[in-house]
Amino acid sequence: MSLAGRSLISLWDFTKAEIETLLSIAERMAEAIGLGGRERRGSFEPMDRILATLFFEPSTRTRLSFESAMLRLGGQVLGFADARASSTSKGESLADTCRIVGGCCDIIVIRHWLMGAAKVAADFSGVPVINAGDGPHEHPTQTLTDLFAIKRVKGTLSGLRVGLCGDLKYGRTVHSLAPVMARFGSEIVCIAPKALQIPEETLAEVENLSGKRPEATEDLAEALNDLDVLYMTRIQQERFADRREYERWRGIYVLTPELMARAPEDLIVLHPLPRVDEIEPAVDRDPRARYFEQAHGGVPLRMALLASLLGLQPAPGPQRRYGLDVQPQPSAVPETAEEVRSRGRQVVENAPPCRREGCVTEVWDSLPSQAYVLPDGRQVCAYCERALAEA
Ligand code: NCD
């Protein structure tokens, strides 16, 4: 099925076959732009398509790689990088802002501090929307970038042992990465203090997919021994209401050359970046440290994503729409019944409002209540995907 005209709010929006096809297109885009110092295959012809980037929260990599991707595809970019520059600072609702922006562009990339903000944009803008991070909820394009890095180095997304380390409670990238790795048949190990463990809803999803609860440990040195991928994350300073709580956890995990000396030879170390102090700069020289390469893959990956959602077609000529002749690919790992059930979410009729702290419904209470049922029977808000009963 084509991705044209669709939005990406969570990776549940895509089948595994669609994800694998995207990674193949990204590989062709990497060739086109000469990623990693290879010879460039040339540039794309200008096209009449506009990307709007609405960044209500700070960003370097994500915003610039989306802008770079659109410009490299021959399209154009408008938007803002600071919430104060938009009319929400005058009291406009996010839904209204998105309705207006939808009339100015062909596709939207949004980052916001509230969980569910990207879903609101998709519900109201009338154009495809890409979630570039909604509070501590999800960050699916970072995960696609992670998958691209893993696939390029390891050659597969299946049968791997992936350690997620750091702030798994607030770190949105791991909330997107854990379920998709489980879908591909990889194992997750959660390395975090109890207070910063991954949300129960995400654990339940992974458990449902893999048939067992992910391992949890606080000990990085021990967990490191049998990992294929170590995914480090920073403690998410901006999500702590109390600064002292942040200071308590800061520096709890630091990857050092000494730890790397004891780690498997074929380990790869990834990090969504920015790093603060969780990986010592001396580790950068270790060939197993792949995080900068991972970040650079974000441009071709986002080129592939934008081109697919915009429905760009391959066209004659050596450079025009390069890479889009990739045929849809079946996934190497077929969809399981659990996965199909999880993707076809069962909607709750007359759902009660969520209004959880940090959910868009807390700030804009006129948004229609929406909820669905998790495979374990729990009802979750469709915006923040946190359990309704606990709200
Ligand atoms: C991540 C984010 O914004 O969630 N950054 C990114 O987009 N690469 C990770 C983080 O900020 O820690």
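Both counts, for ligands and for their atoms, begin at 1 and track the order of listing. Values below: all heavy atoms of this structure, side chains included; hydrogens, waters and symmetry mates excluded.
- The protein residues lying under 4.0 angstrom from ligand 1, judged by non-hydrogen atoms, are Arg61, Thr62, Arg111, His139, Gln142, Arg172, Thr173, Arg234, Gln236, Pro272, Leu273, Pro274.
- Judged as a ring-ring contact (aromatic ring centres under 6.0 Å, His included), and not counting sequence neighbours, the contacts of Phe56 are Phe80, His112.
- Here the closest non-hydrogen pair linking Ala387 and Arg378 is CB-CD, 3.7 Å.
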Indicate every side-chain donor-acceptor pair of residues 129-137 with a distance under 3.5 Å to a residue at least two apart or in another chain.
{"residue": "Asn131", "atom": "OD1", "partner": "Gly133", "partner atom": "N", "Å": "2.8"}
{"residue": "Asn131", "atom": "OD1", "partner": "Asp134", "partner atom": "N", "Å": "3.4"}
{"residue": "Asn131", "atom": "ND2", "partner": "Ile9", "partner atom": "O", "Å": "3.0"}
{"residue": "Asn131", "atom": "ND2", "partner": "Asp134", "partner atom": "OD1", "Å": "3.1"}
{"residue": "Asp134", "atom": "OD1", "partner": "His137", "partner atom": "ND1", "Å": "3.3"}
{"residue": "Asp134", "atom": "OD1", "partner": "Glu138", "partner atom": "N", "Å": "3.1"}
{"residue": "Asp134", "atom": "OD2", "partner": "Gly116", "partner atom": "N", "Å": "2.9"}
{"residue": "Asp134", "atom": "OD2", "partner": "His137", "partner atom": "ND1", "Å": "2.7"}
{"residue": "His137", "atom": "NE2", "partner": "Glu385", "partner atom": "OE1", "Å": "2.7"}

For residues 101-109, run the donor-acceptor check on the side chains, cut-off 3.5 Å, and write out each pair with its distance to 0.1 Å, sequence neighbours left out.
{"residue": "Asp106", "atom": "OD2", "partner": "Ile50", "partner atom": "N", "Å": "2.6"}

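- Taken to the nearest 0.5 Å, the CD atom of Gln197 stands 9.0 Å off from the OG1 atom of Thr217.
- Geometrically, Arg302 engages Phe66 in a cation-pi contact, judged by NZ or CZ lying under 6.0 Å from the ring centre and within 45° of the ring axis.
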